[in-house]
Amino acid sequence: MIMALIVLMVPWAAAGAESADPVSGTQLFSLGGFGTLGIVHSSEHLADFTSSVFQPGGAGYSENWSAAVDSLIGAQLTVNINPKLSAVVQIIAQQNPDNTYTPHVEWANVKYLLTPDFSIRAGRIVMPTFLVSDSINVGYTAPWVRPPPGVYQLLPIDNSDGVDFSYRLHIGALTDTLEGHYGQNNADLPYNRGSAAARNIWGFSDTAEYGPLTVHLAYQEMHLTIPSFNALFNAFRLFGPRGIAIADEYDLDNKPFVTEAIGASYEPGQYFVMAEWARANTNSIFAVGTAWYVSSGYRLGKFTPYLTYTEVKSDRNSDPGLALAALPPSRAGFAAGLNAGLNSTLEVNPDQSTVSVGSRWDFMKNVDLKLQMDHSRNGPGSSGGLADLQPGFRPGGVVNLLSATVDFVF
Amino acid sequence: MSGRAAGYPPQRAAQCRVLKRSNVLHVQRIGLVGLGLTLSLGISAVSADVVAVVSSKSAITTLSKNQVMDIFFGRTTSFPDGSHAVPIDQTEGSAVRDEFYSRIAGMSPAQVKAFWSKIIFTGRGQPPKTVATSLEAKKLLVENPNTVGYIDQSLVDSSVRVVLAP
């Protein structure tokens, strides 16, 4: 639909192109691209480190060194139809949940400027939940190999199909941007777990910029449904009031998912200091996750070494489940299986502290090389967000990652 | 090592202190210090005196570093008096451009590129129009009183007004 709209607008745009302001830098069409080539190694061989919940496999169990975790390539076409109206389409190819690399439309929207400081958009739009959410796929814009996953994976989806507005306010030397959005999202899950549907997504964010200082606040709500969990919770409902209570607490049938985030960065050029805190209350088996990080780097010529400390905590990594003693032996075995199913998902909820050290090297124009080491300690009973847990995996251990990426823009 | 660092300006001394902590062989450490010094000298070698200017027909008389930064980084499209502001940038890789961003924002060419990549690839905007030389910038500035640019100080004459000497 959006593509059709853009195609229809092009002839109109071409007609208006000649009257463009001679000193404005905007061209009718601008095409750009970005990408990351990366490899990552994990010391934990009985589970996979992935960059998001949508990734099948990863580093550790599936592959000793994984190129799939961080690698991606993207292209973006911007059409500046006239000074008020523009359209953007961004396509990204990366490892899909079904293990293919078919490109997908990351964003496609039409933007209209009501005033130079007030714009509205319709289409597929990024959700600016965290400080660098909107540029999360463009590694070249980031100081690290990847944004601290503890915070950035609290809300794994980063776009929504709908509308948004952005209103910019100038108060002396302060620029304040208020943004609000409404929409929905559908995402396929790996390991044949079907798809996740987020409905009635709405939220707002406020970004205040004062010279090198940026402060960001965001609040977001949505209703999340993942039908592949229904079989487990429908079975729990067969076990009387206790079973129904468990199902109601943990199921993923239109559950309100609330994310709150606050962050700040100070980037005077020679160095940077960044910190963010966020909480996601999922009202489901994904529990309540709270995370924060603080990160700093110092530029030495073309090298920018950095240090990051991240903590993520889940309020639930296990549940006693159904009381087996009260059940007849014929049903106790089935109930034990359900309890195990419940706990195997709760175990994946991250509880982890991580120290990351690395460096960015701007070794040539528009290309950087990054090297990063992460040392993580998982909380007792938590896999620390690792996926694809294999028999013999023990939660609560230590995981070391070694990552190298080359990021580019063109 | 700390004795030698004490003799350097604060920034270079800080580099030495950071490097001192690195747990590498002594020979490699000397190499790294040498590299660090070469890189910081490399930055100062391109120094040319750059000034932010408007047409002498413009009503703008002075701008702060933050005001110039906000206009060049697309945070605002207005001068402080409310009139429309259009920045004129110079092409990537030019010495005067590198010096300008280093002076107003303390940013390296890669940091400026990263900043614009963030804006472009989020669909939030496009970088300013660029010209190849300070002479071209000056010509465009003089003809368009709503523009602001930066040029080599040696090119300043009565047709333009210096609004910031960063």
Side-chain angles (χ1 to χ4, degrees), chain A residues 21-27 30 32-34 74 76 78 80 86-88 90 107 109 111 116-117 119 121 125-126 128 132-135 137-138 140-143 166 168 170 172-173 175 177 209-212 267-271 298-305 360 362 365-368 409, chain B residues 11 14-15 18-19 22 32 35-43 64-67 69-70 73 75-78 80 84 86-89 92-93 101-102 104-111 113-130 140-141 143-144 146-147 149:
Chain A
D21 188 339
V23 288
S24 93
T26 52
Q27 291 164 329
S30 66
F34 55 87
Q76 176 174 304
T78 307
N80 296 295
S86 61
V88 60
Q90 187 179 103
W107 308 327
N109 58 68
K111 177 161 99 174
D117 289 323
S119 64
R121 293 189 292 186
I125 299 161
V126 65
V132 299
S133 287
D134 53 2
S135 55
N137 294 311
V138 190
Y140 188 80
T141 65
S166 169
R168 199 163 56 176
H170 302 280
T175 305
T177 309
E209 294 165 289
Y210 183 82
E267 298 175 64
Q270 194 64 54
Y271 63 93
Y298 188 87
R299 182 161 59 86
L300 295 159
K302 292 181 185 301
F303 292 90
T304 311
R360 173 183 173 129
D362 287 293
K365 196 183 168 194
N366 300 344
V367 188
D368 74 52
V409 289
Chain B
Q11 182 191 332
Q15 289 178 2
V18 170
L19 291 166
S22 64
L32 277 174
L35 181 62
L37 291 179
T38 311
L39 292 168
S40 53
L41 288 174
I43 288 162
S64 71
K65 263 188 195 184
N66 274 352
Q67 286 165 342
M69 222 167 106
D70 285 349
F73 288 159
R75 287 178 183 175
T76 181
T77 54
S78 305
H84 187 50
V86 179
I88 305 285
D89 214 339
E92 280 175 42
Y101 284 106
S102 165
I104 67 155
M107 287 164 80
S108 69
Q111 284 174 306
K113 186 72 183 184
F115 171 84
W116 278 111
S117 300
K118 204 180 272 191
I119 302 293
I120 293 164
F121 294 120
T122 53
R124 280 190 283 148
Q126 294 290 321
K129 180 187 177 71
T130 60
L140 208 54
L141 285 159
E143 289 165 4
N144 297 280
N146 63 336
T147 58

**Prompt:** Out of A:S86, A:P143, A:G33, which one racks up the most heavy-atom pairs below 4.5 Å with chain B?
**Reply:** A:G33

**Prompt:** Do you know which of A:T78, A:N366, A:N137, A:T304 has the most heavy-atom pairs under 4.5 Å to chain B?
**Reply:**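 Maximum pair count with chain B is reached by A:N366.
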
Minimum heavy-atom separation for [X] and [Y], please, with both atom names.
X      : Y      : answer
B:T122 : A:Q76  : N-OE1, 4.5 Å
B:N66  : A:G211 : OD1-CA, 3.6 Å
A:G269 : B:Q111 : O-NE2, 2.9 Å
B:R75  : A:H170 : O-CE1, 3.0 Å
A:A173 : B:D70  : O-OD2, 3.9 Å

**Request:** Could you tell me whether the side chain of A:Q270 and the main chain of B:G106 form a donor-acceptor pair under 3.5 Å?
**Result:** no

**Item:** Derivation of the side chain to side chain contact (heavy atoms under 4.5 Å, CB included) call for A:K365 and B:E92
**Value:** CA-CA 10 Å; A:K365 196 183 168 194; B:E92 280 175 42; 3.3 Å; yes

**Item:** Interface residue of largest heavy-atom contact number with chain A, from B:M107, B:K65, B:K113, under 4.5 Å
**Value:** B:K113

**Asked** Is it the side chain or the backbone of A:S30 that comes within 4.5 Å of chain B heavy atoms, both, or neither?
**Response** side chain

**Message:** B:F121 vs A:V409, test: side chain to side chain contact (heavy atoms under 4.5 Å, CB included). Steps then yes/no.
**Reply:** CA-CA 10 Å; B:F121 294 120; A:V409 289; 4.0 Å; yes

**Asked** Run the side chain to side chain contact (heavy atoms under 4.5 Å, CB included) check on A:D134 and B:R124 step by step: do they pass?
**Response** CA-CA 10 Å; A:D134 53 2; B:R124 280 190 283 148; 3.2 Å; yes

**Item:** Atom group of B:Q67 that falls short of 4.5 Å from chain A, counting heavy atoms
**Value:** neither

**Item:** Residues in side-chain contact (heavy atoms from CB on, under 4.5 Å) contact with A:D362, at least two apart in sequence or another chain
**Value:**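 Result, side-chain contact (heavy atoms from CB on, under 4.5 Å) vs A:D362: A:Y140, A:R360, A:D368, B:A110.
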
**Request:** Look up atom CZ in A:R168 and atom OG1 in B:T77, then write down how far apart they are to the nearest 0.5 Å.
**Result:** 6.0 Å

**Prompt:** Would one find more than 12 heavy atoms of other residues, nucleotides or ligands at under 6.0 Å from atom OH of A:Y210?
**Reply:**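 Open.
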
